[in-house]
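Step one of this worksheet: look at the structure below.
Just so it is clear, the values below take in all heavy atoms, side chains as well, and ignore hydrogens, waters and symmetry mates. Reminder, nothing fancy here: chain letters follow the sequence lines and each chain counts from 1. Bear in mind that the values here come from a model prediction, so they are computed numbers and not experimental data.
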2 protein chains.
Amino acid sequence: MKRYSTLKDIANALNISTATVSRALADRCDVNQETKKLVQEEAKRQNYKPNPIALRLQNKRSKTIGLVVPEFKSSFFPMVIAGIQKVMDESGFQLLITESQESMEVERRNLKLLENNMVEGILISITREGENTNLYQELIDCGIPLVFFNRVSSKVIASKVVIDDYKRAFFATEHLIYSGFKKIYHFSGPEILMVSKERKKGFLDAMKKHHLEVTDKSVLTAGVFMDKGFSAMQLLIDKNDIPEAIFCFNDPTALGALKAIKEAGLKCPDDVALVGFSETEIAQLVDPLLTSVEQPTFEMGETAARLLLKQINQTPPPEVETVCLLAKLNIRKSSINTHKG
Amino acid sequence: MKRYSTLKDIANALNISTATVSRALADRCDVNQETKKLVQEEAKRQNYKPNPIALRLQNKRSKTIGLVVPEFKSSFFPMVIAGIQKVMDESGFQLLITESQESMEVERRNLKLLENNMVEGILISITREGENTNLYQELIDCGIPLVFFNRVSSKVIASKVVIDDYKRAFFATEHLIYSGFKKIYHFSGPEILMVSKERKKGFLDAMKKHHLEVTDKSVLTAGVFMDKGFSAMQLLIDKNDIPEAIFCFNDPTALGALKAIKEAGLKCPDDVALVGFSETEIAQLVDPLLTSVEQPTFEMGETAARLLLKQINQTPPPEVETVCLLAKLNIRKSSINTHKG
DNA sequence: GATGAGAATGTAATCGTTTACATTAGGTTT
DNA sequence: AAACCTAATGTAAACGATTACATTCTCATC
């Protein structure tokens with residue numbers, strides 16, 4: 001590694017002790033003004049920078065926090081990371097990023113890795129396979145605070161950052177209902193995820209409120225990726241059980257459905273209207289433009305990071321809190337009722 | 001921070017010196033088998049993990065490398081990061097990620113931040129504003145190896161990972177030519193970027209090879225984002241100077257052009273055929289499906305990381321090398337000549 | 001002139017680990 | 001029995017920074 005200038009180098013150059021140098025650079029009052037000036041000049045001359053590793057050892061703080069995200073492919077998590085990064089840079093913390101690849105096993109490995117690297121806290125969005133509840137609890141119990149975001153644990157007590165999935169799903173469904181659609185289906189996400197449950201509940205409650213029929217067939221589990229939305233839609237087309245509108249778990253499944261619709265020679269929104277969720281860039285690029293719920297991704301990262309820093313820096317640590325961020329429904333062409341009025 | 005078990009704790013528990021404990025755990029031959037066993041048991045009992053910070057101070061190595069990417073929005077860089085991450089995890093290095101937000105000024109700040117954090121090397125993809133040549137050179141000169149990827153410096157001598165932009169642009173253009181198009185235009189990227197120049201050169205050379213006319217009007221600078229592709233296409237439509245086909249700098253500009261084509265009531269590929277570059281997820285989702293050059297993003301990250309580790313670990317450092325990764329042209333509907341034979 | 005106060009600086013321990021060198025005890029060789 | 005070897009362990013310095021405590025010196029006070 002590159003050789004850096006140290007306190008000792010400055011001390012030797014000026015024939016004084018490292019203690020004085022340290023004090024001079026910290027601008028302490030019990031150092032002679034002359035000496036202070038000499039030290040500061042010499043430090044500048046040698047381009048001295050305090051060694052962050054030595055400081056960490058001394059302070060017994062790693063000044064590092066860990067992050068576990070399920071994947072990197074979609075732009076959702078990268079945007080969250082950008083938000084986290086901003087807060088970390090401001091507060092002088094380093095960020096250790098790991099990817100669980102939607103696997104509980106890999107997630108466990110990542111958490112162990114972070115623990116071995118002495119992170120002072122962990123930000124995590126869990127896999128869609130499920131949660132490593134015991135491990136989360138262990139980490140918290142032995143003093144490493146966890147903050148969940150987006151995909152949160154339902155069992156562990158910790159600070160969490162979510163968007164109001166239930167409400168947004170409810171409103172998105174109501175939007176379809178107010179548009180005049182009656183036969184409305186839902187493509188739901190992995191049953192194990194809280195967000196899936198919340199969005200499904202929002203859908204069901206909105207339907208119930210408006211006295212619209214909901215049968216076993218109204219909800220299809222379609223996973224998180226495009227191919228699943230595609231095959232779910234194909235299934236409906238094959239069975240000739242085509243709804244007027246579908247509220248989809250997320251944008252990829254909506255886009256998969258859209259592809260199946262087009263391939264079958266049907267039209268969106270004329271034959272089937274679509275609503276996505278968790279706004280992706282693509283929503284504004286496909287034809288027709290996709291109605292979708294926009295999540296404040298960057299802000300989610302910032303918020304989660306701030307909550308974690310609070311847990312780390314305050315003694316005693318503050319009460320855990322769950323922050324619910326506001327999301328916004330962007331209504332576009334894919335959910336316009338072309339038959340009405 | 002959480003309290004971790006140390007060598008001293010084990011030494012105290014067994015009434016021996018930390019030196020012996022250290023040696024026992026390193027499984028050195030000059031330790032009594034009995035002692036070794038006792039130490040290993042006690043270490044397990046206390047869940048001892050070596051303190052990585054102390055090791056770094058001791059070894060005078062930060063075991064950290066830095067990364068500077070221009071942005072997080074598109075999935076391109078996140079996928080590269082995933083590749084880098086994989087190599088780093090395997091080799092026990094930490095990764096410090098920074099985002100320059102396409103600003104030279106922010107890039108300078110990030111590089112300084114990485115230097116202060118004593119990274120042992122830096123991976124960088126430069127901004128589209130241009131390059132901080134002097135700073136790159138300074139870092140290299142004082143012992144921090146740099147490896148460029150994707151958007152590389154044209155002036156600094158260092159290892160680089162690129163895709164064969166020139167060849168792919170050449171072939172993509174030839175694909176349009178072989179499809180029977182004659183009036184072919186190019187929407188080029190920011191003039192300052194090497195990749196822009198390379199792709200433009202590939203386009204021009206392919207046209208020249210096949211003796212097709214190239215005028216001042218054949219190449220329009222369209223930037224990197226969708227809106228620029230959109231306005232460039234609108235300009236052509238307004239001037240009623242509509243080419244049969246356009247080879248675009250990247251997918252977003254192609255999609256922008258596509259939007260303008262549709263809004264003008266024209267059809268792709270019937271009226272204007274399109275070819276994009278640097279495959280995005282979107283290419284497979286739009287109508288018509290977009291022909292595009294697919295880049296090996298994950299592999300690019302892996303390769304760049306490996307090159308950097310070589311620079312760091314070998315003494316004397318190996319010669320710098322430029323690795324050119326293969327990219328692949330995915331031919332889809334947007335570039336099919338519907339008039340031909 | 002002895003005492004004390006206060007300013008400026010130095011000494012040495014600490015953080016957790018490694019390792020060159022020193023020490024000890026026991027056994028073997030002559 | 002003196003000399004030496006070997007195995008096993010301990011001591012202490014080092015990495016770079018901070019800081020409690022100790023020291024030195026000067027000057028003011030009685």
Side-chain angles (χ1 to χ4, degrees), chain A residues 1-40 42-43 46-64 92 94 115-120 143, chain B residues 1-40 42-43 46-64 92 94 115-120 143:
Chain A
M1 195 166 67
K2 174 183 169 181
R3 196 182 127 61
Y4 290 87
S5 155
T6 71
L7 283 190
K8 212 192 224 172
D9 297 326
I10 301 176
N12 287 341
L14 300 175
N15 243 309
I16 55 178
S17 75
T18 62
T20 305
V21 177
S22 172
R23 280 187 284 244
L25 291 174
D27 206 12
R28 292 266 267 288
C29 57
D30 57 349
V31 182
N32 189 306
Q33 286 299 329
E34 296 255 314
T35 318
K36 208 180 268 184
K37 221 179 118 195
L38 280 174
V39 168
Q40 279 157 0
E42 182 64 22
Q46 296 195 15
N47 189 27
Y48 169 81
K49 300 276 164 52
N51 183 326
I53 301 170
L55 285 175
R56 275 174 213 146
L57 181 60
Q58 155 94 254
N59 300 328
K60 303 193 69 173
R61 294 195 57 175
S62 65
K63 275 282 190 174
T64 303
Q94 289 192 1
E115 191 191 359
N116 291 347
N117 275 283
M118 305 198 146
V119 295
E120 297 186 43
Chain B
M1 195 166 64
K2 174 182 169 182
R3 194 181 128 61
Y4 291 86
S5 157
T6 70
L7 284 190
K8 212 192 224 171
D9 296 324
I10 301 177
N12 287 342
L14 300 174
N15 243 308
I16 54 178
S17 76
T18 61
T20 306
V21 177
S22 173
R23 279 187 284 245
L25 290 175
D27 205 13
R28 291 267 264 290
C29 57
D30 57 349
V31 183
N32 188 306
Q33 285 299 327
E34 297 255 314
T35 317
K36 209 180 265 184
K37 223 179 115 196
L38 280 173
V39 168
Q40 278 157 1
E42 182 64 22
Q46 294 195 18
N47 188 28
Y48 169 82
K49 300 275 164 51
N51 183 327
I53 301 169
L55 285 176
R56 273 173 214 149
L57 182 59
Q58 157 91 241
N59 300 329
K60 302 192 72 173
R61 294 196 56 174
S62 64
K63 275 280 189 179
T64 303
Q94 290 192 3
E115 191 191 0
N116 291 346
N117 276 284
M118 303 195 149
V119 294
E120 297 185 41

Open item on the list: What I'd like to find out is whether the side chain of A:Thr6 reaches to under 4.5 Å of the side chain of A:Asn51, using heavy atoms alone.
Closed with: no

Task: Within-4.5 Å side-chain heavy-atom neighbours: B:Glu120 and B:Thr64 - done: no

Task: Phosphate contact (C:dC15 OP1 or OP2) by A:Arg61 side-chain N/O below 4.0 Å - done: no

Open item on the list: Against B:Val39, only a single residue in B:Val21, B:Leu7, B:Val31 fulfils side chain to side chain contact (heavy atoms under 4.5 Å, CB included); can you say which?
Closed with: B:Val21

- [ ] Could you tell me whether the side chain of A:Ile53 reaches within less than 4.5 Å of the side chain of B:Ser62, counting heavy atoms only?
- [x] yes

Open item on the list: What's A:Asp30 touching, base or sugar-phosphate or nothing? Going by heavy atoms closer than 4.0 Å.
Closed with: base

- [ ] Would you check if A:Ile16 and A:Thr35 make a side-chain contact, meaning some heavy-atom pair closer than 4.5 Å?
- [x] yes

- [ ] Kindly say if B:Tyr48 contacts the phosphate of C:dT17, meaning a side-chain N or O under 4.0 Å from OP1 or OP2.
- [x] yes

Open item on the list: Judged by each residue's nearest nucleotide on DNA chain D, which is more toward the 5′ side, B:Thr18 or B:Asn32?
Closed with: B:Asn32

- [ ] Could you check how far CG of B:Asn59 sits from C1' of D:dA14, rounded to whole Å?
- [x] 12 Å

- [ ] Could you tell me whether the phosphate oxygens of D:dG10, OP1 or OP2, come under 4.0 Å of any side-chain nitrogen or oxygen in B:Thr20?
- [x] yes

Open item on the list: Can you tell me whether the side chain of B:Arg56 and the base of C:dG16 have a donor-acceptor pair closer than 3.5 Å?
Closed with: no

Open item on the list: With rounding to the nearest 0.5 angstrom, report the CG to CZ distance, A:Asp30 to A:Arg23.
Closed with: 5.5 Å

- [ ] Could you tell me the separation between the CZ atom of B:Arg23 and the C1' atom of D:dG10, rounded to a whole number of Å?
- [x] 8 Å

Open item on the list: Strictly below 4.0 Å: does B:Ser22 bring a side-chain N or O up to OP1 or OP2 of C:dT17?
Closed with: no

TODO: Using atom CG of A:Asn15 as one end and atom P of C:dT9 as the other, report the distance to the nearest whole Å.
DONE: 13 Å

TODO: Could you check how far CZ of B:Arg28 sits from P of C:dT18, rounded to whole Å?
DONE: 9 Å

Task: Short side-chain N/O contact to D:dT9 OP1/OP2 from B:Ser17, under 4.0 Å - done: no

TODO: Ignoring the backbone of A:Leu57, work out which of D:dG10, C:dT9, C:dC15 is nearest its side chain.
DONE: C:dC15

Open item on the list: Just N and O in the side chain of A:Lys60: are any of them under 4.0 Å from OP1 or OP2 of C:dG16?
Closed with: yes

- [ ] Check the distance between C:dT18's P and B:Asp27's CG and give it to me in whole angstrom.
- [x] 13 Å

TODO: Return the value, rounded to whole Å, for the distance between atom CE of B:Met118 and atom P of D:dG16.
DONE: 8 Å

TODO: Send over the distance from A:Asn12 CG to C:dG10 P, rounded to a whole Å.
DONE: 12 Å

Open item on the list: Classify A:Leu55 by what it touches in the nucleic acid, base, sugar-phosphate, or nothing, heavy-atom distance under 4.0 Å.
Closed with: sugar-phosphate

Open item on the list: Using OP1 and OP2 only, check whether a side-chain N or O of A:Thr35 sits under 4.0 Å from C:dT9.
Closed with: yes

TODO: Measure from the side chain of B:Gln58, starting at C-beta and using heavy atoms only, and say which of D:dG16, D:dA17, D:dA14 lies closest.
DONE: D:dA14

- [ ] Nearest whole angstrom, please: distance from the P of D:dC15 to the CD1 of A:Ile53.
- [x] 14 Å

Open item on the list: Contact between B:Arg3 and B:Asp9 at the side-chain level, heavy atoms closer than 4.5 Å - yes or no?
Closed with: yes

- [ ] Report which part of the nucleic acid B:Leu7 touches: base, sugar-phosphate, or nothing (heavy-atom distance under 4.0 Å, all strands).
- [x] base

Open item on the list: Do A:Arg56 and A:Met118 have side chains that approach each other closer than 4.5 Å (heavy atoms only, starting at C-beta)?
Closed with: no

Open item on the list: Using C1' atoms of five pairs at each end, report the bend of the helix from C:dG1-D:dC30 to C:dT30-D:dA1 rounded to 10 degrees.
Closed with: 80°

TODO: Output yes when at least one side-chain N/O atom of A:Lys36 is less than 4.0 Å from OP1 or OP2 of C:dA8, else no.
DONE: no

